[in-house]
Amino acid sequence: MKRLFLVLTVALMSMGAMAQSKGDLAAGVKLLYGTEIKNIGAGARLQYMLTDNLRGEGSFDYFFEKDDLNMWNANANVHYLCPVGESTTAYPLIGLGLANIYSDMVHNSVKLCLNLGAGIQQDVAKDLALDLEAKYQIINHHNQFVAAIGVIYKF
């Protein structure tokens with residue numbers, strides 16, 4: 001699995017330049033599902049183009065309570081943008097985050113997490129895009145796969 005991810009990352013990084021340029025800013029919202037909490041959640045994100053192909057993203061995700069278990073996480077990820085069509089962009093992502101898992105049994109447990117994943121973004125208008133993302137969060141005793149679908153507005 002690690003080799004497959006590495007091969008996909010290298011393949012995506014070898015593609016050409018992005019339409020967005022350094023300094024562009026975008027914000028968005030997303031609907032997500034986490035496998036550890038086994039429930040849906042909502043999130044918000046802010047993205048900033050660091051270079052023509054490298055984007056930084058800060059995000060906050062909140063998973064709704066289920067079976068007395070709540071979870072939120074704050075993340076700082078980096079995306080390497082690779083155009084795969086005129087208005088479609090794929091990206092591998094890597095980042096760090098803080099995850100807070102709490103219930104009556106767990107109480108408040110803030111843990112460091114590592115994010116590894118990939119996504120694809122489809123521009124639907126000049127300043128609007130849809131985004132589909134999958135990432136694996138490595139969290140001590142609470143690893144989870146997170147799938148998200150969202151909308152992004154580019155400033």
Side-chain angles (χ1 to χ4, degrees), residues 1-63 71-101 110-155:
M1 182 68 173
K2 291 179 185 177
R3 287 183 183 154
L4 175 62
F5 183 75
L6 180 60
V7 168
L8 287 174
T9 302
V10 171
L12 290 173
M13 292 173 78
S14 66
M15 294 181 183
M18 252 316 282
Q20 286 181 298
S21 59
K22 181 179 173 184
D24 286 351
L25 187 65
V29 293
K30 57 187 170 176
L31 181 64
L32 30 98
Y33 179 81
T35 59
E36 171 67 16
I37 194 162
K38 296 181 177 76
N39 203 10
I40 62 170
R45 61 175 75 172
L46 187 61
Q47 299 174 336
Y48 182 78
M49 292 300 297
L50 303 169
T51 68
D52 286 345
N53 294 77
L54 200 60
R55 175 172 66 196
E57 177 186 76
S59 67
F60 181 83
D61 301 333
Y62 177 80
F63 295 91
M71 182 177 187
W72 62 258
N73 55 58
N75 302 290
N77 296 320
V78 176
H79 303 167
Y80 187 85
L81 305 177
C82 309
V84 293
E86 192 171 311
S87 60
T88 305
T89 304
Y91 58 89
L93 73 86
I94 188 168
L96 293 174
L98 290 176
N100 187 17
I101 302 154
V110 177
K111 300 178 184 245
L112 185 66
C113 66
L114 174 66
N115 299 316
L116 299 171
I120 191 158
Q121 182 175 313
Q122 176 68 46
D123 294 335
V124 293
K126 181 182 178 216
D127 296 328
L128 196 64
L130 297 176
D131 183 74
L132 184 61
E133 186 175 280
K135 66 183 172 188
Y136 190 72
Q137 293 186 305
I138 301 169
I139 310 167
N140 188 24
H141 300 301
H142 296 285
N143 296 350
Q144 76 170 349
F145 175 78
V146 177
I149 186 166
V151 62
I152 299 167
Y153 178 76
K154 301 173 193 175
F155 296 99

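Given the structure is predicted, the values throughout are model-derived calculations rather than measurements.
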## Note on the structure
In this structure, CD of E57 is separated from CD1 of I152 (nearest 0.5 Å) by 7.0 Å
### Message
When you compare the side chain of H141 with that of I101, does any pair of heavy atoms fall below 4.5 Å?
### Response
no
### Task
Start with the C-alpha distance between E133 and L32, add both sets of side-chain angles, then the distance that settles side-chain contact (heavy atoms from CB on, under 4.5 Å), and finish with yes or no.
CA-CA 9 Å; E133 186 175 280; L32 30 98; over 6 Å; no
### Query
Taking only residues two or more places apart in sequence, or in another chain, which ones meet T35 in a side chain to side chain donor-acceptor pair (under 3.5 Å)?
none
### Query
Does some side-chain heavy atom of L130 sit less than 4.5 Å from a side-chain heavy atom of I149?
no
### Message
Under the criterion side-chain contact (heavy atoms from CB on, under 4.5 Å), I'd like the reasoning laid out for Y80 against Y91: C-alpha separation, chi angles, the key distance, then a yes or no.
### Response
CA-CA 5 Å; Y80 187 85; Y91 58 89; 5.7 Å; no
### Query
Which heavy-atom pair separates A26 from L46 by the least distance, and what is that distance?
O-CD1, 3.3 Å
### Atom of I37, atom of Q144 and distance for their closest heavy-atom approach
N-OE1, 3.6 Å
### Query
For residues 88-100, which residue pairs qualify under salt bridge (Lys or Arg N to Asp or Glu O under 4.0 Å), counting only residues two or more places apart or in two chains?
none
### Message
What's the separation between atom CZ in R55 and atom CD in Q47, rounded to the nearest 0.5 Å?
### Response
4.0 Å
### Message
Looking at every non-hydrogen atom in both residues, tell me the closest pair between F60 and W72 and how far apart they are.
### Response
CE1-CE3, 3.5 Å
## Note on the structure
With sequence neighbours left out, the residues meeting ring pair (Phe, Tyr, Trp, His ring centres under 6.0 Å) with Y62 are F64
### Task
Please round to the nearest 0.5 Å and tell me the distance separating atom CG of L25 and atom NZ of K154.
12.5 Å
### Query
Where is the tightest heavy-atom contact between L54 and V78, given as atom of each residue plus distance?
CD1-CG1, 3.4 Å
### Query
How far does CG of L112 sit from CG of L98, to the nearest 0.5 angstrom?
6.5 Å
## Note on the structure
With sequence neighbours left out, the residues meeting ring pair (Phe, Tyr, Trp, His ring centres under 6.0 Å) with Y153 are F155
## Note on the structure
Sorted by chain and residue number, the salt bridge (charged side-chain N to carboxylate O under 4.0 Å, His left out) partners of D61 (sequence neighbours excluded) come out as K30, K135
### Separation between CD of E36 and CE of M71, rounded to the nearest 0.5 Å
7.0 Å
### Query
Any side-chain heavy atom of L116 sitting closer than 4.5 Å to one from L93?
no
### Task
Looking only at non-hydrogen atoms, find the nearest pair between N39 and F63 and report the distance.
O-CD2, 3.9 Å
### Shortest non-hydrogen contact between I94 and L114, atoms and distance
CG1-CD1, 4.5 Å
### Query
Can you check side-chain contact (heavy atoms from CB on, under 4.5 Å) on T89 and H79, steps first, answer last?
CA-CA 11 Å; T89 304; H79 303 167; over 6 Å; no
### Message
The criterion is side chain to side chain donor-acceptor pair (under 3.5 Å); which residues satisfy it with N73, sequence neighbours excluded?
### Response
N75, Q137
